[in-house]
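Order of the sequence lines sets the chain letters (A, B, ...), proteins ahead of strands, with each chain counted from 1. Worth knowing before you read on, the calculation uses all heavy atoms, side chains too, and leaves out hydrogens, waters and symmetry mates.
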Amino acid sequence: MMHGLRRVALGLAFSFLTLGLGLVYWQVVRSQVLLENPANRRLIVLEQRIERGGIFDRNGEILAQTVLKAGQKVRVYPKGAEFEPAVGYATLLHGSAGLEGALADWLLGMRNETLTQQVRRIFQLPRRGDDVVLTLDGKLQQIAYDGLQGKAGAAVAIDPRNGQVLALASRPSFDPNDLDRNWPAIVSQSGSPLSNHAFSLFPPGSTFKVVTSLDLFRAGLNTSQLYDCTGQTIIDGQYIPEQNHEAHGWVNYNLALADSCNTYFATFANQAGPASFLAAAKAFGFGQKIPLELDVPMSRLTNQAALPAKLPESLLPSSAFGQGQVMVSPFHMALITACIADHGVMMKPHLVDRVLAPGGQVVYTAPTEPWLQVMSKEEADKITSAMITAVNEGTAAPGALPGVQVAAKTGSAEPGGNVPTHAWYIAFAPADKPTIAVAVLVQNGGTGGGAAAPIARRLIEAALSESR
Amino acid sequence: MCRGFHGCARNKSPFPRWDEKVRVMKTKFSLRLIIFAILWLGLGVLHLEGKLDPRLLGPAGAFTLLMAAGAVLERVTRYRGDPFILPTVEAIVSVGVVFLARIRPDLALHQLWWAMAGLVLYYLLLWGLRDYRRLGNLQYFWGLAAVGLLVVTLLFGVTSGGATSWLRLGPFTVEPEELVKVALLLFLASYLGEHETLLRVGTVQIGRMSVPDVRTLGPFLLMAAFSLGLLAAQKSLGTALVFYALFVLLLYAVTDRALYLGVSIPVFLLTGWLGYTLFGHVRVRVEAWLNPWRDIAGGGYQIAQSLFAIAGGGVLGTGLGNGIAAFQVPAVSTDFIFAAIAEELGFVGAMAVICLFLIVVLRAFSISMKTSDHFGQILAAGIGILIGTESLVILTGVTKLLPLTGIPLPWISYGGSSMLVHFLLLGLLSRISQAESKNSLAEAKGREYAT
C-alpha cells in the first residue's frame with residue numbers, strides 16, 4: 001500500500017505545483033493583456049476612488065477640473081468647446097479621449113507616485129492625482145477657435161524654438177460638460193466633432209511645395225535658373241495645369257514658390273526622381289510617428305499608411321505640389337513650418353509643460369529637445385526667403401502684418417469631387433527670428449489666402465504682441 | 001517509580017527529552033501566534049480602511065480564545081498526535097474569515113460561529129472518540145447512509161445555482177453531500193481494508209491480468225455508480241468529480257495496481273464526452289472554459305470576471321480591501337473566494353494559501369503512512385485525497401486550468417455544512433495520529449522493559 005500512497009501523494013503535490021504555474025500564467029504573463037480587455041472594469045472602478053487632477057493652460061487658466069457637487073465628483077470644463085477635442089473627456093460611461101485619456105496616468109496619480117500618494121494608495125485613503133500644466137495659450141486658442149467659427153477645420157500654433165504647442169483648435173467641436181447626457185446629440189452631429197481635425201489627414205496642396213523644395217535643393221537645382229510657365233505642361237503624358245490656368249511666365253525658385261507655380265515643381269521634381277522626393281519627405285518626418293502626447297496619424301504619400309519603398313513614377317508630378325495621394329495632418333504641416341522657422345531643426349512637439357503633485361511640487365518638466373535634423377540652415381533659409389517673397393509679392397499676401405516680416409505659403413488643395421478646395425495657410429514670424437509658426441486649414445474653404453490666411457494673421461499678431 | 005513515558009525518559013536521559021518538549025511547546029506557541037497575527041492583522045487593516053464591521057470583534061475574539069484554549073488543553077492532555085495539521089487549518093480558516101469580513105461582513109459573522117462549532121467538534125472527536133476503529137464495523141451502515149442522504153436530497157432538495165444540493169431543516173439549509181463525504185470515506189476505508197488483498201491480487205484471470213471477482217468488487221462498483229449517478233442527477237458536477245477521484249485514487253493507493261487507474265481514466269473521458277453531448281449545462285461549462293472571452297456577458301461571465309480579478313493582483317496583490325473581485329465576481333463569498341484572495345494578496349499570498357492546503361494534504365498522507373492500523377491508514381489517506389481533490393477542483397476551476405465545477409474551497413468558502421464536516425474529518429485525522437503515537441509509545445515502553 002505504501003507504494004501507491006506515495007504515488008498519489010506525489011501526484012497531488014505535483015497538481016498543486018501546476019496550479020501555482022497557472023497562477024504565474026495569469027498573474028504575471030497575462031496580467032497586462034487582461035487589464036486591457038474592454039470587459040475588464042478594473043481601471044474604471046479604480047478611477048472612481050481617485051480625484052482626477054486638473055488641467056491648466058500656460059497662463060494658469062483652468063481647462064478641466066474635478067469638483068464636488070452634492071457629494072458627487074463632477075468633471076467640469078470651464079472653457080467648454082474651445083479646447084475640445086484636444087483636452088478630451090473622461091466619463092464612466094464613455095471612457096476617455098484626448099489629453100484626459102492620454103495623460104490619465106498623471107491625472108490619476110499613477111505615474112511617478114510621490115510618497116504621500118503611495119501611502120494613500122496602499123491604505124486606500126482618498127487620493128488626488130497630479131495637476132497638468134499645458135503649453136497651450138488660452139488667448140491664442142480662443143483666437144484660433146473663434147477664427148474657425150462657422151467653418152470646419154483646424155488651426156495649430158507652435159513655438160518653433162522649443163516645440164511647445166501654443167494653440168490646437170478644431171471645428172466642429174463639442175461641449176464636454178455633462179457629456180453623458182449630451183452624448184447622443186454629439187455623436188449624431190455632422191462633421192465628426194469628436195475627432196480632432198488637426199490630426200486628420202488632408203491633401204496639403206501647394207503648402208507641400210516647401211517639402212518639395214528640399215527635394216529640389218538636394219537634387220542640385222539652381223534656384224536662380226529661370227523656367228517658363230505657360231499655365232500648363234505635360235509630363236510623361238500627364239496633363240499638369242496651373243490653378244485657373246494662370247501663366248506665370250519666367251520664374252526662378254523664389255517666384256515659383258511665391259506664385260505657387262505647379263508646373264515648376266512638377267517638372268523639376270520629375271527630373272529629380274522619386275527616390276529623392278521620398279528622401280525629402282522622410283527628412284520632414286513622413287513615415288514616422290510624431291512624438292506628441294496625443295496620437296497623430298502618420299502622414300502619407302500614397303494610399304497606404306506606410307511609406308512606399310519606391311514612389312510610383314506616375315504619382316510624382318502631382319505629389320510635388322501636394323496633390324496625388326499625399327495626405328498630411330494640419331499638425332504635421334505646422335511642425336514642418338516650425339522646422340523651416342527653426343533653421344532646419346524640427347523640435348520635439350509637446351503639449352505638457354509640467355506636472356505638479358497635489359502639494360504643488362513639480363514632478364515633471366517637459367524637456368526641450370530636437371526631434372529631427374531635417375535640413376541645413378542654408379536650405380531652410382532658401383525656403384524662408386521664398387516664403388517671404390510669397391507674403392510680400394505672392395499669393396500669401398493676405399497674411400502680411402504691418403511692421404513685422406511674415407513668411408508664409410498658401411495652399412488650395414483639391415479634395416476630389418466637385419467641391420470647393422481646402423484652404424491652407426502656413427506661416428511663421430518674425431521671419432528673421434521666428435517665435436511662432438502656424439498652420440491653418442479650412443475644409444472646403446476655397447483659397448488659402450482668402451479663408452485661412454486671416455486666421456493665421458490674427459494668431460501671429462496676438463502671439464507677437466505678447467512678450468514671451 | 002517509572003509511571004508513564006516521561007518518567008522513564010527522564011530516568012534514562014532527562015535533558016534531551018526536556019529540550020525536545022520545550023521545542024515542541026515553542027513551535028506550537030509560535031504557530032498559534034502566526035495564526036492570531038493573520039486574523040488580527042487582517043481585521044486591523046480592514047479597520048484602518050473603515051471596512052470592518054464592529055459586530056465581528058466579539059466572535060473573532062471568542063474564536064481566538066477558543067484556539068488558544070485548545071492549544072493549552074492539548075498541552076494539558078498531552079496530545080502527541082500530528083502537531084501541524086490543526087494549526088495549518090486554523091491559519092486557513094483565519095484567512096477565510098478575514099476575506100469574508102472584507103467581502104460580506106454578515107457572512108463572516110456566521111462563518112466565525114461555524115468555525116467555533118467546528119473547532120469544538122474537532123476537540124470532541126479528539127478527546128471523546130475512544131476507539132475510532134469501531135467506526136469501521138458499521139461498513140454497510142455508512143454505505144446506505146451515503147446513498148440514502150443523496151436520495152433524500154434529490155427528492156426533497158432545494159435547487160440553487162443550478163444544482164439540487166440543499167435540504168431545508170427549520171432555519172438551516174444543509175448540504176447533505178458534505179455529510180455524504182464522511183459516510184463514504186468510512187465505508188471505503190472499512191471496505192477496502194477488508195478486501196485489500198483480494199482487490200490487489202485478484203481471483204479471476206482475464207488474459208494475462210487477474211482481476212477481483214464480482215462479489216469482491218461488486219459493492220464498490222455499486223456504491224460508486226449509485227453515488228455518482230445521484231450526484232449527476234442533482235447536477236452537482238463538482239462533487240461528482242471529487243467523489244470519482246476519491247474512489248479511483250483511494251483504490252489505487254490501497255492496491256498499488258495501475259490497472260485501476262488505467263481503466264478509470266478512459267471511463268472518465270467517456271462519461272465526460274457523453275455528458276457534453278447529452279446535457280446542455282455541461283456543454284455551457286465546457287464552452288465557457290474553452291473560450292470565456294467569446295460570450296463574456298453570458299456563459300463566460302463568471303470565469304472572465306474571476307480571471308480579471310486574479311490577473312489584476314499581479315505578484316504582490318492590490319492589498320487587502322483594494323480589489324474589485326469583492327463586487328465584480330459572482331459567488332465570491334463561496335466558490336470564487338480564491339479569486340478575491342489571489343487579487344488582493346497577489347501571487348505571493350495565493351501561493352501561500354495553496355501551500356497551506358498542500359501541507360494539510362501531505363500531513364494526512366504522512367499520518368496514513370505512519371499508522372499501523374489498516375482501517376486508520378486508509379481513512380487518513382482518503383481524507384488527504386478528499387481535501388486535495390476538493391481544493392484542486394475548485395482552484396483549477398477559478399484559474400481556468402480545468403472547466404469550472406462549483407464546490408466550496410474547504411475551510412475558506414462560506415458555508416456551515418462544509419466547515420463542520422471538514423473539521424470532523426480533521427478530528428478523525430488527528431485522532432488516528434494520536435492513537436498511533438500512543439501505540440508507538442507502548443512499543444517503546446515494551447522495548448525498554450526488554451532491555
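- In this structure, the portions of B:I385 lying under 4.5 Å from any heavy atom of chain A include both its backbone and its side chain.
- Side chain of A:Q27 to backbone of B:G312: no donor-acceptor contact under 3.5 angstrom is found.
- The heavy-atom pair separating B:L392 from A:L19 by the smallest distance is CD2-CD2, 4.3 Å.
- When B:L307, B:V254, B:V315 are compared by the number of non-hydrogen pairs under 4.5 Å with chain A, B:L307 comes out ahead.
- Using a 4.5 Å cut-off between heavy atoms, B:Q377 contacts chain A through both its backbone and its side chain.
- Looking at every heavy atom in both residues, A:L5 comes nearest to B:A381 through CD1-CB, 3.3 Å.
- With a 4.5 angstrom heavy-atom cutoff, B:V361 touches chain A only via side-chain atoms.
- Minimum interatomic distance between A:L34 and B:F308 (heavy atoms only, all atoms of both residues): O-CE2, 3.7 Å.
- For B:I296, the part sitting under 4.5 Å from any heavy atom of chain A is the side chain, from C-beta outward, and nothing else.
- At least one side-chain heavy atom of A:W26 sits less than 4.5 Å from a side-chain heavy atom of B:K400.
- Using a 4.5 Å cut-off between heavy atoms, A:L35 makes no contact with chain B at all.
- Here CG of A:L23 is found 5.0 Å from CZ of B:F338. Values are rounded to the nearest 0.5 Å.
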Going through the checks in order, is the side chain to side chain contact (heavy atoms under 4.5 Å, CB included) test met by A:Y25 and B:L401?
CA-CA 10 Å; A:Y25 177 72; B:L401 298 179; over 6 Å; no
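- Residue contact with chain A, scored on non-hydrogen atoms closer than 4.5 Å, is absent for B:S366.
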Using the rule given for side chain to side chain contact (heavy atoms under 4.5 Å, CB included), can you reason through A:F16 versus B:C355, listing the C-alpha separation, both sets of side-chain angles and the distance that settles it, and then say yes or no?
CA-CA 8 Å; A:F16 275 102; B:C355 286; over 6 Å; no
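- Checked by atom type and distance alone, the side chain of A:S31 pairs as donor or acceptor with a backbone atom of B:A311 at under 3.5 Å.
- Contact detail for B:F365 and A:A9: the closest heavy-atom pair is CG-CB, 3.7 Å.
- When heavy atoms are compared at a cutoff of 4.5 Å, B:R257 does not approach chain A at all.
- Atom CZ of B:F357 and atom CG of A:L12 lie 13.5 Å apart (nearest 0.5 Å).
- Looking at B:I310, both its backbone and its side chain come within 4.5 Å of chain A, counting heavy atoms on both sides.
- Residue B:L250 does not touch chain A at all, counting heavy-atom pairs closer than 4.5 Å.
- Across all non-hydrogen atoms, the minimal contact from A:G20 to B:F347 is O-CE1, 3.7 Å.
- Of the residues considered (B:A350, B:G323, B:A304, B:S368), B:S368 shows the highest number of contacts with chain A, using heavy-atom pairs under 4.5 Å.
- Looking at A:V33, there are no atoms closer than 4.5 Å to chain B (heavy atoms on both sides), in backbone or side chain.
- Using a 4.5 Å cut-off between heavy atoms, B:L362 contacts chain A through its side chain alone, with no backbone atom that close.
- Residue contact with chain A, scored on non-hydrogen atoms closer than 4.5 Å, involves the backbone and the side chain of B:T399 alike.
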